[in-house]
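Chain A is the first sequence line, chain B the second, and so forth, proteins listed ahead of strands; every chain is numbered from 1.
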Protein chains: 2
Amino acid sequence: MHTQANAFNSDAFNTSHNHEHCVNAALLSAKTLCRDRGQRLTPVRELVLRLIWQSHQPLGAYELLPQLAEAGFNSAPPTVYRALDFLQELGLIHRIASMNAFIGCSHPDEAHPNAFMICRECKSAAELDTAELKSALSAAAGALGFQIEQESVELMGLCQHCREAAK
Amino acid sequence: MHTQANAFNSDAFNTSHNHEHCVNAALLSAKTLCRDRGQRLTPVRELVLRLIWQSHQPLGAYELLPQLAEAGFNSAPPTVYRALDFLQELGLIHRIASMNAFIGCSHPDEAHPNAFMICRECKSAAELDTAELKSALSAAAGALGFQIEQESVELMGLCQHCREAAK
DNA sequence: GAATTGGCGTTATATTATAACAGTACACTT
DNA sequence: AAGTGTACTGTTATAATATAACGCCAATTC
Ligand SMILES: [Zn+2]
Ligand SMILES: [Zn+2]
Ligand SMILES: [Zn+2]
Ligand SMILES: [Zn+2]
């Protein structure tokens, strides 16, 4: 079963759901967010967002290009990077620095750290719930006088699914 | 004052010390570690390690090339990347993915997560003490059935030094 | 000292990302 | 509706980061 509520619960590792629902919910939410902020979710941007959301695995910019071409858009790097920058600035996607790849944000309306679990087996990535994590980070850094402005947490490992499959 | 003990206390933000001591201690420690593991700290590798340690700021591979050339080594990318890979595998340096850059490890003898604070002002980076952090991460990820194998934490912000200077 | 291994030099190329400028669509004013 | 400015996109070129592949030499092993 799959409700809008859990479309945003970061459970990308559970692949046994109708992911099209997630994608549609994310697009709807993105449209609202853009309207609220006076930004335009143009066709290229919307397509890029859809393509990224369709994948549970972070996608590289150059993986998107052929799909843009297929949809009749210009498929030169600047096109996709511009869309990615826009989506990132609005908090609709995150960049996974260790992979040079991008993935949809599961709760773009609230400010939160960039924190992901990435499965080495299925390559899926899911956002980490970060209320407690954030305070642990602040405490650790604050003890050394460091004031955090932006977090990036990327945890590599095995998701539950792949762990069970490996047994 | 500056003892070997605090050469490894991660306080890269405190620039008011004789950093040459840190560098020498790191090189000495690297030599021991290599000998123990039957690895060779060749001249190129040693120079790369020294260059990286000399900087409190993470250095990119291509920043090292001219300095290798100056020292009479080949200065093509593969040379420096091979040295960097070697040093990384031995845990002597860390890669900061969000910056495509490398920095010396302040405690290469003990296994630990890749966790850094990076100052946006002075660009210095310092390792985070991670005993508690690690358990916070494991707890957060474990609650979702994710088994962490490798951590990467990169915190951007302002170090104490720059924070005080900004007042 | 022959064979094997590991490290380096070298050339070429892959991958990721941005600069710069021209044209086009949209939003806003009048 | 026409004019005007702005934001978005197309296009070409190039920068920045990283790796593949191969051959040579030096060290280690047998
Ligand atoms: Zn998010
Ligand atoms: Zn998995
Ligand atoms: Zn370290
Ligand atoms: Zn600073």
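- In this structure, the CG atom of Leu68(A) is 13 Å from the P atom of dT11(D), given to the nearest Å.
- Thr79(A) contributes atom OG1, which lies 3.5 Å from atom CG of Asn74(A) (distance to the nearest 0.5 angstrom).
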- Produce a footprint string for nucleotides 24-30 of chain D: one letter per nucleotide, 5' end first; B if the base is under 4.0 Å from any protein heavy atom, S if only the sugar-phosphate is, - if neither. -------
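- Between Leu59(A) and Ile52(A) the shortest heavy-atom distance is CD1-CA, 4.1 Å.
- Residue Asn74(B) places none of its side-chain N or O atoms closer than 4.0 Å to OP1 or OP2 of dC8(C).
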- Note on the structure: The contact string for nucleotides 14-20 of chain D, one letter per nucleotide 5' to 3', using protein heavy atoms under 4.0 Å with B, S and - for base, sugar-phosphate only and none, comes out as ---BBBB
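- Within the 3.5 Å criterion, the main-chain N or O of Arg95(A) finds a donor-acceptor partner in the side chain of Asn114(A).
- In this pair, His94(A) and His112(A) present their aromatic rings perpendicular. The plane angle is above 60°, beyond the 30 to 60° band.
- Look at CG on Leu87(B): it is 14 Å from C1' on dG7(C), rounded to the nearest Å.
- Residue Arg82(A) is classed as a base contact, given a heavy-atom separation below 4.0 Å to a base.
- Comparing atom distances between the Ala76(A) side chain and each of dT12(D), dG10(D), dC8(D) picks out dT12(D) as nearest.
- A donor-acceptor pair is defined here as one N or O able to donate and one able to accept, closer than 3.5 Å; no such pair exists between the side chain of Ser55(A) and the backbone of Leu51(A).
- When the side-chain nitrogen and oxygen atoms of Thr79(B) are compared with OP1 and OP2 of dC8(C), none of them lie within a distance under 4.0 Å.
- Atom C1' of nucleotide dG10(D) and atom CG of Leu65(A) are separated by 13 Å, given to the nearest angstrom.
- Judged by distance alone, the side chain of Glu121(B) and the main-chain N or O of Cys162(B) form no donor-acceptor pair under 3.5 Å.
- Nucleotide dA7(D) holds its C1' atom 10 Å from the CD atom of Gln39(A), rounded to whole Å.
- Contact check, Thr42(A) against dT9(D): a side-chain N or O comes under 4.0 Å of OP1 or OP2.
- You'll find the side chain of Val23(B) stays beyond 4.5 Å of the side chain of Asn18(B), heavy atoms only.
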- Item | Check against salt bridge (charged side-chain N to carboxylate O under 4.0 Å, His left out), Glu46(A) and Arg40(A) | CA-CA 10 Å; Glu46(A) 180 171 346; Arg40(A) 292 167 52 200; over 6 Å; no
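- As a whole-Å value, the separation of Phe73(B) CZ from dG9(C) P is 8 Å.
- In this structure, CZ of Arg45(A) is placed 13 Å from C1' of dA25(C), rounded to the nearest angstrom.
- Expressed to the nearest 0.5 Å, how far OH of Tyr81(B) lies from CZ of Phe102(B) amounts to 6.5 Å.
- Atoms CZ (Arg37(B)) and P (dG6(C)) sit 17 Å apart, rounded to a whole Å.
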